[in-house]
2 protein chains.
Amino acid sequence: MSDSAPPSLVADIGGTNTRVALADGARVRPQTIRRYRNGDHAGLAGLLSAYLAEAAQAAPSGACVAVAGPVRDGAARMTNLDWRIDEDELAQAAATPRVALLNDLQAQGHALDHLEADSLAPVLRGAEVPSPEAARLVIGLGTGFNAAPVFTRPEGPLVTASECGHVTLPVRNAEELALADWLRARHGFAAVEDVLSGRGLERLDWWCATSAGDAGVTGETRAAAAIMAALAEGEARATRAALIFARLLGRVAGDLALTHLPFGGVYLVGGVARAFAPYLHTLGFADAFRDKGRFDSFMDGFAVTLITDDYAALTGCAGYLDARRSAPGLP
Amino acid sequence: MSDSAPPSLVADIGGTNTRVALADGARVRPQTIRRYRNGDHAGLAGLLSAYLAEAAQAAPSGACVAVAGPVRDGAARMTNLDWRIDEDELAQAAATPRVALLNDLQAQGHALDHLEADSLAPVLRGAEVPSPEAARLVIGLGTGFNAAPVFTRPEGPLVTASECGHVTLPVRNAEELALADWLRARHGFAAVEDVLSGRGLERLDWWCATSAGDAGVTGETRAAAAIMAALAEGEARATRAALIFARLLGRVAGDLALTHLPFGGVYLVGGVARAFAPYLHTLGFADAFRDKGRFDSFMDGFAVTLITDDYAALTGCAGYLDARRSAPGLP
């Protein structure tokens with residue numbers, strides 16, 4: 001692209017906040033990143049219009065928005081947000097016909113080819129050097145849980161959509177079944193995301209305090225940040241919750257690796273993944289990832305890497321638009 | 001293609017038997033299908049050479065083999081068979097450089113666009129007419145369990161590989177946990193395939209007889225065909241096993257639908273799927289498929305269809321080769 005081409009507009013709508021930035025090709029301009037509380041805005045159009053006015057950027061060359069929810073036929077839905085989010089609305093707000101809506105994990109997948117080396121931290125090293133065309137898998141652990149497989153194709157990466165945070169929580173023992181029963185009694189279902197997410201960790205910590213009957217723990221609810229602080233201090237209640245969390249994360253990540261066969265690597269992304277990363281090894285993540293019976297050694301074929309860049313979804317939106325500028329026929 | 005082009009060679013290596021046929025384009029010649037017991041042959045090359053000699057077909061235009069096991073970097077491995085199965089071996093045995101190895105479920109995925117209408121039987125009707133580019137998912141239930149998502153791309157279907165039969169069996173109550181504990185004690189792990197397969201049904205039936213303590217049942221092991229015959233007669237032991245089987249199948253199929261979002265439909269294939277199809281509704285498959293808490297109504301977006309054609313994997317191999325003859329650059 002030419003340096004004089006107008007930048008594109010990229011945004012990442014999460015459960016609480018929306019981040020917006022301008023990008024040149026696949027590169028986000030760091031100084032242009034702004035964060036907005038969703039609750040302060042009546043809709044996406046007003047938020048993006050306000051951003052573009054502030055940035056004095058009347059006509060971006062394209063606009064791509066990542067959404068923490070399913071996208072189908074050019075429209076997105078989010079459980080906790082009543083904004084209308086579709087491509088027509090986006091085209092009007094951003095004053096460009098070149099628009100795209102992506103699930104946020106799909107956006108993370110489109111970022112993989114554009115991340116700097118210092119945005120990646122190894123968790124488990126794979127047994128072999130992957131072939132260049134091997135599939136990869138991004139697993140997002142933050143406000144919610146989801147994943148996106150990334151298939152390398154001659155025309156560019158194909159990143160498919162998923163809602164795998166809503167599948168059955170894979171319990172294996174009486175303690176985990178009691179946790180799942182408790183979640184089902186409160187929420188009607190015990191999904192992966194009901195434990196493996198920020199709110200999930202808060203529920204798990206509370207369940208450890210109230211239902212598990214450990215001596216010396218009290219039953220107040222705590223925010224995820226407080227639980228992580230207590231874990232850092234070695235508190236028994238937080239440690240117990242974190243052990244269950246890391247074991248379930250390893251099991252679910254291993255199941256997803258068997259499901260998508262990402263011999264090019266598994267990538268963990270999201271705020272909760274970053275917060276847990278220092279503890280994964282001591283809490284048993286690797287053993288749980290590998291614990292697949294006669295497929296134990298097969299699991300060594302999958303490297304696991306942490307993405308430390310908090311803005312990777314914006315980079316993915318930029319990369320997605322950029323690839324389609326180079327090859328307009330891309331679906 | 002010209003009618004005078006030589007046919008291609010297609011084969012499907014299962015856990016017990018290998019089927020071989022000749023195909024014109026994407027169409028298998030029904031009268032050329034032969035079935036061989038794997039145990040009667042020292043390797044794939046000898047089997048294919050014998051077939052080609054018998055068929056008086058010295059030089060097929062290409063060869064594609066489906067394998068019930070993971071394929072990686074042009075080589076396949078099967079748990080219960082020590083044959084060398086790789087593309088070099090295949091090219092030599094079939095006397096053609098145009099060869100391909102596919103996982104058998106990937107081959108089933110490549111068959112979808114070539115099946116006759118009378119090879120499909122509806123199980124659950126989806127709430128909406130799918131868009132033509134919607135993803136589809138094939139779930140195979142036979143000697144083993146596996147699935148393959150099918151993504152529609154401008155250049156043809158992309159069918160990705162999986163080993164999802166080896167993921168954690170998703171148990172939800174004390175009875176299912178007891179079953180999983182029993183499987184773990186015997187096999188080191190309780191995977192989906194350890195219940196959802198022909199051998200899995202036999203294990204489940206035996207467990208129902210021995211561990212579950214129902215009055216009036218005896219503890220002998222039975223072959224899957226005998227269990228299905230007993231189910232048809234309404235026997236209590238077989239009915240109990242079948243209820244657990246159908247519930248777990250519905251749950252796993254629903255989890256896979258959330259994982260791959262096949263708005264173009266879920267397709268059940270394989271001998272066990274065909275045998276169970278008449279009982280799926282009465283045994284609770286639909287309720288278990290839909291039982292996803294606040295995602296209940298979301299699940300109505302997925303139609304479920306049975307593939308009744310026992311030779312669909314051969315058709316998929318033929319279709320795969322044919323698509324690559326039309327577009328040689330396809331990966």
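Here is how names work: the chains are called A, B, and so on, in the same order as the sequence lines, proteins then strands, and each is numbered from 1.
B/Leu177 contributes atom CG, which lies 7.5 Å from atom CG of A/Asn173 (distance to the nearest 0.5 angstrom).
Within the 4.5 Å cutoff, the side chain of A/Ser162 has heavy atoms near those of the B/Thr259 side chain. Looking at heavy atoms from C-beta onward, A/His260 lies out of side-chain contact with B/Thr160 at the 4.5 angstrom threshold. A heavy-atom distance below 4.5 Å is found between the side chains of A/Thr168 and B/Lys292.
Neither the backbone nor the side chain of A/Pro149 comes within contact range of chain B, judged by heavy atoms closer than 4.5 Å. There is no contact between B/Asn146 and chain A, counting heavy-atom distances below 4.5 Å. Residue A/Ala191 does not touch chain B at all, counting heavy-atom pairs closer than 4.5 Å. There is no contact between A/Asp296 and chain B, counting heavy-atom distances below 4.5 Å.
Formation of a donor-acceptor pair under 3.5 Å by the B/Arg184 side chain with backbone atoms of A/Arg172 is found in this model.
Counting heavy-atom pairs closer than 4.5 Å to chain B, the top-ranked of the candidates A/Ala257, A/Gly165, A/Ala161 is A/Ala161. Heavy-atom pairs under 4.5 Å with chain A were tallied for B/Asp73, B/Asp181, B/Leu158, B/Asp291; the largest tally goes to B/Leu158. Between chain A and the residues B/Val167, B/Val252, B/Leu169, the largest count of heavy-atom pairs under 4.5 Å involves B/Val167.
Stacking of B/Arg294 on the aromatic ring of A/Phe189 is not recorded, the 6.0 Å distance cut-off and the 45° axial limit not both being met.
The heavy-atom pair separating B/Leu258 from A/His166 by the smallest distance is CD1-O, 3.4 Å.
Relative orientation of the B/Phe151 and A/Phe151 rings is tilted, given thresholds of 30° and 60° on the angle between their planes.
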